[in-house]
Amino acid sequence: MHANLSECDEEHGMSAVDLFSAALRIGNAIQEMCKTMVNHRKEELCSILGLYALQNIALVSSESKHQNIQSTCGSVVLQYSKLLMFCGFTYLGLLTGNDVTSATTKLSKEEDDNFLDCFSFAMDGASLVGLKIFPITPLSLLFRSCLVTFLSSLTVVWTSMHDDMSKYAGAEFESALKEVQDNCIRKWEAINMFRYVLSSVNYSWAIKSHSLDLLLTLVDDKCSEETNDHVDFPCSTQIFAILKAIERVMIAAPDTLMRKKAFSALKRVISVVPSTQRFDILQALIENSMFPSLTAILLDLVKNEVLRESRRADQVNGSDRSQDSGESPPWASQVLELVELILRPPEGGPPCLRDHSEEVLSALNLLRLILIIDSRGSRSAKMLRDEKIRAVYSEWLLPLRSVVTGIQSELEKDGGDDENQMACLLNPVQLVLHRCIELVEEKMKGL
C-alpha cells in the first residue's frame, strides 16, 4: 500500500481511496477471525488488528494533503475507528498513548522481534524518543514510540475534525477530553502525542491546524502551580521537543490565522511547564532559535515570566518580611545571559541592527525591566553587582549606542525608501536604549 500510494497523485485520488477501502476489507476479515478466538489468542489478534487500523489511519493522513482524498476518506477512517473500539481501544487510551503501549507490549516477544517489522510504515521516525521507558524489547520500544506519537494522536485528530467521527465518538470522546484536562500527568502525555504530527512534513496543514485546536482544548489553566511541584512531568528534552514542533508551525504555516493559533498553543504549553523548568526551557529555545523574529517573541515571553515572578516575590515579601533574604532571584543569571547573548553576541562586537532589530529591541526591553526591578526595595544591587553594572554599561550599551548613532548618520544622508523603513525600526530601539543607559548611569552613581 505504501509503495502504491507513493505513486498516486492528486489526479488519481480515487485509486488511493480504492486502496484504503481494500485495506479496510482486510481489516474486516481480521475482525471476523477475532470473533472466533478466545483468551490470549484473541487478545493478541485484537492487538494486531488495532495496530493495523492505526497504521492505515497514518497512511490516510499522509495522503490527506490531497484535498479530494481528505474529503473522501473520512468515512474510511471512521470504519477504522470502529475497529479500534472493537479491539478494546478507548479515546482516553488513544489520547495518552497507553492503549498503544498495552498492544505493543502484548506483541513484544524476545524470540520474535522481527514480527513488528510487518508494520513497516509505522517505523518512520522510530529513532525519535517516546513517552517513557518500558521494560520491553528495543524494537518494540521504537515501534511503540512511533505509534504513540503519530498514529494514536492522528486518530484523535480525525475524530475532532470529521463530523461523522465526532458523532460516533460522542460522549466518550468528550469524557476523555475532560479527564485529560483535569489530570496533569495525562495532560502532559497527551501534549507529547502531538509533537511529531506538528513537526512532520507528511501531514497536511489542515490536520496540523486541527491538532493545534485540540491541543488548545487540552491545555487550560486548571494545572496549577501548586500541583506542578508535586507531580512527575516529562523531562526537559521532551518539553523542548514539543515546543520546537509548535515553533515549526509558527514559522512555516501558510496563513496568518494558523501562525497565531500556533503562538497561542506555544504560550499555553509554556504556561503549564513547571516553574522550576520554565526559564531553562525558554533559554534553550532562544539559544537554538535561528530566526530573529522568533527570538524576539521568545524574549518577550521571558519578560512576561520575569514580571510574573517579580510580582509573586513582592506578594510573598509583602505578607512576610522574613521571607525577603535580599538574595538574587534564581532566574536572574539566566535572564542576564540571554540579554548578553543578543546585545553582545558570542561572535564579538555589537549586534547587526539591520538584520536583528526585533530581537535587540526585545532584549533591551527585558534589560530595562530588570533594571527597574533591581532598583526597588531590598533587592537593590542584588541582580546586578558593581562589576556587572559596569560591564552592561561599557560592553553592552555604549557599543550599541555607537552603532545606532552611525546608522542614523547614514540614514540622514541617503533618505530612500529602505532607509525610511530602517528608521522606523531604529526609533523604538533608540528610545529603549537611551532609557536603559539612564537607568544604568543612575545606578552607577551609587557605586
Query raised in the report: Is there a donor in the side chain of Asp280 and an acceptor in the side chain of Ser236, or the other way round, less than 3.5 Å apart?
Result: no
Query - Modelled atom types, side-chain donor and acceptor of Lys261 and Ser209, under 3.5 Å - result: yes
Provide the closest heavy-atom pair for [X] versus [Y] in the form atom of the first, atom of the second, distance.
{"X": "Leu94", "Y": "Met85", "value": "CD1-CE, 4.2 Å"}
{"X": "Leu439", "Y": "Arg368", "value": "CD1-CG, 3.9 Å"}
{"X": "Arg248", "Y": "Ser199", "value": "NH1-O, 3.2 Å"}
{"X": "Phe86", "Y": "Leu49", "value": "CD2-CD2, 4.2 Å"}
{"X": "Arg268", "Y": "Val219", "value": "NH1-O, 2.9 Å"}
{"X": "Phe89", "Y": "Gly50", "value": "CE1-CA, 3.8 Å"}

Side chain proximity check, [X] to [Y], heavy atoms < 4.5 angstrom:
{"X": "Trp188", "Y": "Val272", "result": "yes"}
{"X": "Val432", "Y": "Leu367", "result": "no"}
{"X": "Gln430", "Y": "Arg401", "result": "no"}
{"X": "Leu198", "Y": "Ile242", "result": "no"}
{"X": "Leu54", "Y": "Tyr80", "result": "no"}
{"X": "Leu338", "Y": "Ile342", "result": "no"}
{"X": "Leu266", "Y": "Leu301", "result": "yes"}
{"X": "Leu83", "Y": "Tyr52", "result": "no"}

Please report the interatomic distance [atom1]([X]) to [atom2]([Y]), rounded to the nearest 0.5 Å.
{"X": "Leu243", "Y": "Lys267", "atom1": "CG", "atom2": "NZ", "result": "13.5 Å"}
{"X": "Leu343", "Y": "His356", "atom1": "CG", "atom2": "NE2", "result": "12.5 Å"}
{"X": "Glu43", "Y": "Lys106", "atom1": "CD", "atom2": "NZ", "result": "4.5 Å"}
{"X": "Leu84", "Y": "Asp99", "atom1": "CG", "atom2": "CG", "result": "9.0 Å"}
{"X": "Glu387", "Y": "Ile389", "atom1": "CD", "atom2": "CD1", "result": "10.0 Å"}
{"X": "Leu59", "Y": "Gln55", "atom1": "CG", "atom2": "CD", "result": "6.0 Å"}

Could you tell me whether a side-chain N or O of [X] sits under 3.5 Å from a main-chain N or O of [Y], the two making a donor and an acceptor?
{"X": "Asp374", "Y": "Ile370", "result": "no"}
{"X": "Asn183", "Y": "Glu179", "result": "no"}
{"X": "Ser102", "Y": "Asn98", "result": "no"}
{"X": "Ser289", "Y": "Leu285", "result": "no"}
{"X": "Ser175", "Y": "Ala171", "result": "no"}
{"X": "Ser357", "Y": "Arg354", "result": "no"}

Report task. Report the C-alpha distance between Asn56 and Val77 in whole Å, list the side-chain angles of each, state the deciding distance to 0.1 Å, and finish with yes or no for side-chain contact (heavy atoms from CB on, under 4.5 Å). Result -> CA-CA 8 Å; Asn56 279 284; Val77 177; over 6 Å; no
Query raised in the report: Would you find more than 12 non-hydrogen atoms of other residues, nucleotides or ligands less than 6.0 Å from Arg259 atom CZ?
Result: yes
Charged N to carboxylate O under 4.0 angstrom, [X] versus [Y]?
{"X": "Asp182", "Y": "Lys178", "answer": "yes"}
{"X": "Arg344", "Y": "Glu395", "answer": "yes"}
{"X": "Lys388", "Y": "Glu340", "answer": "yes"}
{"X": "Lys244", "Y": "Glu247", "answer": "yes"}

Query raised in the report: Which word best sums up how the rings of Tyr91 and Phe173 line up, parallel for under 30°, tilted for 30 to 60°, or perpendicular for over 60°?
Result: perpendicular
Query - Residue pair His210, Asp213: steps toward the side-chain contact (heavy atoms from CB on, under 4.5 Å) verdict - result: CA-CA 5 Å; His210 283 281; Asp213 288 333; 4.3 Å; yes
Report task. Apply salt bridge (charged side-chain N to carboxylate O under 4.0 Å, His left out) to Glu189 and Arg186, showing your working. Result -> CA-CA 5 Å; Glu189 289 175 338; Arg186 284 181 170 168; 5.2 Å; no
Query raised in the report: side-chain contact (heavy atoms from CB on, under 4.5 Å) between Lys303 and Val335: does it pass, once the steps are laid out?
Result: CA-CA 9 Å; Lys303 187 184 72 171; Val335 174; over 6 Å; no
Requested in this report: Determine, step by step, whether Glu337 and Leu341 satisfy the side-chain contact (heavy atoms from CB on, under 4.5 Å) criterion, reporting the C-alpha distance in whole Å, the side-chain angles of both residues, the deciding distance to 0.1 Å, and the verdict.
Outcome: CA-CA 6 Å; Glu337 285 177 14; Leu341 180 68; over 6 Å; no
